[in-house]
Engineer: 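Pasting in a structure now, in structure tokens, and then I'll have a few things to ask.
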Amino acid sequence: MNILVCAKQVPSSGEVRLDPDTGTIIRDGCEAVINPFDSHALEAALCLRERLGGTVSVLSMGIPACADMLRDCVARGADQTLLLTDRAFAGADTLATSYALSLGVSALGGFDLILCGRMAVDGDTAQIGPELSERLGIPCVCDVFAIEPQQDALVVRRETDDGAEQVRVPLPALLTVTRELGVPRMPSIDGVARSLRHDVRTLSCAEAGADPEKCGLSGSPTQVLSTAAPQGRGRAQTLADAGQLCTLLREVLE
Ligand SMILES: Cc1cc2nc3c(=O)[nH]c(=O)nc-3n(C[C@H](O)[C@H](O)[C@H](O)COP(=O)(O)OP(=O)(O)OC[C@H]3O[C@@H](n4cnc5c(N)ncnc54)[C@H](O)[C@@H]3O)c2cc1C
């Protein structure tokens, strides 16, 4: 089974800086990690490859520094990577992001299965998976926490508001996955050696054959009206005894 994982690099801490003019996240110079849900998607892909054979590719759209995240995916076992990177992609909303990613999928070739995270922990829209499947004309199942392969299909279990449901989906298909799909493995020594030799393939807007009007800010109908950095939580207070707790509760209740 040939599997593609879409992986997004996100800021690693709560110290998110916002550009006051555009309202977008300043990603340059910010410590970054793979979106946690995407590392679970990668783990699920590697487990399926171990059972069924095939390849695992990883696709990302982002700044050139995302190549490090893709190399880390190789260290964990991915076979192939592609990074869509160009100033023309900057400022993309989900419509423009899914457009660019759909061209990345075409550049890499056909896949039996595409895995996305349930959502990105910075953008948080959970729209990319469904939008990408729509653009590719393949079925999509969201919030999947268990995958069982069958011939030409998968039986998957997905979270719902009031429990879970089981769905049979024909391949090729796209799934968005939760954290329950296995603990992401550590890089192996062989994998690290391979990742050091690995050249991350990159494509610019022109090389991907993208229409610049459909990319980045130009291709984004979503307008951010205002943004605000999250408020830090209050400092924790250590209480010496129950008496102090009673005093504190009295102050709060009065
Ligand atoms: C108006 C607007 C302007 C923006 N400007 C910028 C900007 O200047 N710079 C910037 O970096 N971001 C910007 N963003 C945010 C960025 O484009 C979104 O993060 C992106 O559209 C994905 O949406 P999301 O984070 O909500 O992903 P979700 O839909 O929550 O992500 C679900 C899954 O889709 C996949 N996925 C999402 N994004 C990517 C990606 N880039 N590459 C590979 N896989 C991916 C991952 O598997 C992820 O787990 C902007 C968003 C808006 C609305």
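In each ligand, atom 1 is the first atom listed, and ligand 1 is the first ligand listed. Please read all numbers here as calculations on a predicted model, not as lab measurements. Values below: all heavy atoms of this structure, side chains included; hydrogens, waters and symmetry mates excluded.
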Engineer: Counting only heavy atoms, which portion of Thr94 has something under 4.0 Å from ligand 1: side chain, backbone, both, or neither?
Structural biologist: both
Engineer: If you count the atoms of ligand 1 from 1 in the order shown, which ones are under 4.0 Å from a heavy atom of Leu59?
Structural biologist: 43 (C)
Engineer: As an exercise, identify every atom of ligand 1 less than 4.0 angstrom from a heavy atom of Ser60.
Structural biologist: 42 (N), 43 (C)
Engineer: With a heavy-atom distance limit of 4.0 Å, tell me whether Leu101 approaches ligand 1 through its side chain, its backbone, both, or neither.
Structural biologist: side chain
Engineer: For Met61, is at least one N or O under 3.5 Å away from an N or O on ligand 1?
Structural biologist: yes
Engineer: Backbone, side chain, both or neither: what part of Asp38 comes under 4.0 angstrom of ligand 1, heavy atoms only?
Structural biologist: side chain
Engineer: For ligand 1, does Ala7 get within less than 4.0 Å through its side chain, its backbone, both, or neither, judged by non-hydrogen atoms?
Structural biologist: backbone
Engineer: Quick check on contacts: which atoms of ligand 1 are under 4.0 angstrom from a heavy atom of Asn35?
Structural biologist: 48 (C), 49 (O)
Engineer: Report the part of Thr97 in contact with ligand 1, treating N, CA, C, O as backbone and CB onward as side chain, heavy atoms under 4.0 Å; options are side chain, backbone, both, neither.
Structural biologist: side chain
Engineer: If we only consider heavy atoms of Ser220, is any one of them less than 4.0 Å away from an atom in ligand 1?
Structural biologist: no
Engineer: For residues Gln244 and Thr247, is any side-chain donor paired with an opposing acceptor at under 3.5 Å?
Structural biologist: no
Engineer: Are the side chain of Asn2 and the backbone N or O of Gly54 linked by a donor-acceptor pair below 3.5 Å?
Structural biologist: no
Engineer: Where's the contact between Asp124 and ligand 1, heavy-atom distance under 4.0 Å: side chain, backbone, both or neither?
Structural biologist: backbone
Engineer: Can a donor-acceptor pair be found between the side chains of His40 and Thr178 at a distance below 3.5 Å?
Structural biologist: no
Engineer: On the six-membered ring of Phe37, is Arg179 placed so that its NZ or CZ lies under 6.0 angstrom from the centre and within 45° of the ring axis?
Structural biologist: yes
Engineer: Going by distance only, is there an N or O of Gln223 that falls short of 3.5 Å from an N or O of ligand 1?
Structural biologist: no
Engineer: For residues 61-79, tabulate all N or O donor-acceptor pairs below 3.5 Å that involve a side-chain atom, not counting sequence neighbours.
Structural biologist:
residue, atom, partner, partner atom, Å
Asp68, OD1, Arg71, NH1, 3.0
Asp72, OD2, Arg76, NE, 2.7
Asp72, OD2, Arg76, NH2, 3.1
Arg76, NH1, Arg185, O, 2.6
Asp79, OD1, Arg49, NH1, 3.2
Asp79, OD2, Arg49, NH1, 3.0
Asp79, OD2, Val56, N, 2.7

Engineer: In ligand 1, which numbered atoms sit nearer than 4.0 Å to a non-hydrogen atom of Met119?
Structural biologist: 30 (O), 31 (O), 32 (C), 49 (O)
Engineer: Taking the minimum heavy-atom distance to atom 8 (O) of ligand 1, which of Cys142, Cys116, Gly91, Ala41 ranks first?
Structural biologist: Gly91
Engineer: In terms of side-chain heavy atoms, does Ser188 have a donor or acceptor partner in Asp190 at a distance below 3.5 Å?
Structural biologist: no
Engineer: Just to be sure I'm reading this right: ignoring hydrogens, which of Gly123, Cys66, Ala92 gets closest to atom 51 (C) of ligand 1? Compare them by their nearest heavy atoms.
Structural biologist: Ala92
Engineer: Is Thr176 reaching over with its side chain to a backbone N or O of Asp143, donor-acceptor style, under 3.5 angstrom?
Structural biologist: yes
Engineer: On a heavy-atom basis, I'd like to know which of Lys8, Gln9, Met69, Arg118 is closest to atom 45 (C) of ligand 1.
Structural biologist: Lys8
Engineer: Have Arg135 and Ser98 got a donor and an acceptor in their side chains that come within less than 3.5 Å?
Structural biologist: yes
Engineer: What residues form a side-chain contact (heavy atoms from CB on, under 4.5 Å) with Gln223, not counting sequence neighbours?
Structural biologist: none
Engineer: Just which atoms of ligand 1 are under 4.0 Å from any heavy atom in Thr125?
Structural biologist: 23 (O), 24 (P), 26 (O), 27 (O), 28 (P), 29 (O), 30 (O)
Engineer: Counting heavy atoms only, which of Ala90, Ala126, Pro221 is nearest atom 28 (P) of ligand 1?
Structural biologist: Ala126
Engineer: Show me which atoms of ligand 1 lie under 4.0 Å from any heavy atom of Gln127.
Structural biologist: 29 (O)
Engineer: Heavy-atom contact check, 4.0 Å cutoff: does Gly62 meet ligand 1?
Structural biologist: no
Engineer: Can you figure out which of Ser98, Ala120, Pro130 has its heavy atom closest to atom 31 (O) of ligand 1?
Structural biologist: Ala120
Engineer: Would the distance check show the side chain of Tyr99 and the main-chain N or O of Asp211 forming a donor-acceptor pair, the cut-off being under 3.5 Å?
Structural biologist: yes
Engineer: Any N or O on Gly129 sitting closer than 3.5 Å to an N or O of ligand 1?
Structural biologist: no
Engineer: Can you find a side-chain donor-acceptor pair between Ser218 and Glu213 that sits under 3.5 Å?
Structural biologist: no
Engineer: Rounded to the nearest 0.5 Å, how far apart are CZ of Arg87 and SG of Cys215?
Structural biologist: 14.5 Å
Engineer: Might you point out which heavy atoms bring Pro36 and Val121 nearest each other, and give the distance in Å?
Structural biologist: CD-CG2, 3.8 Å
Engineer: Rounded to the nearest 0.5 Å, what's the gap from SG on Cys6 to CG on Leu42? Could you check?
Structural biologist: 12.0 Å
Engineer: Flag Leu217 as yes when one of its N or O atoms lies below 3.5 Å from any N or O atom of ligand 1, and as no otherwise.
Structural biologist: no
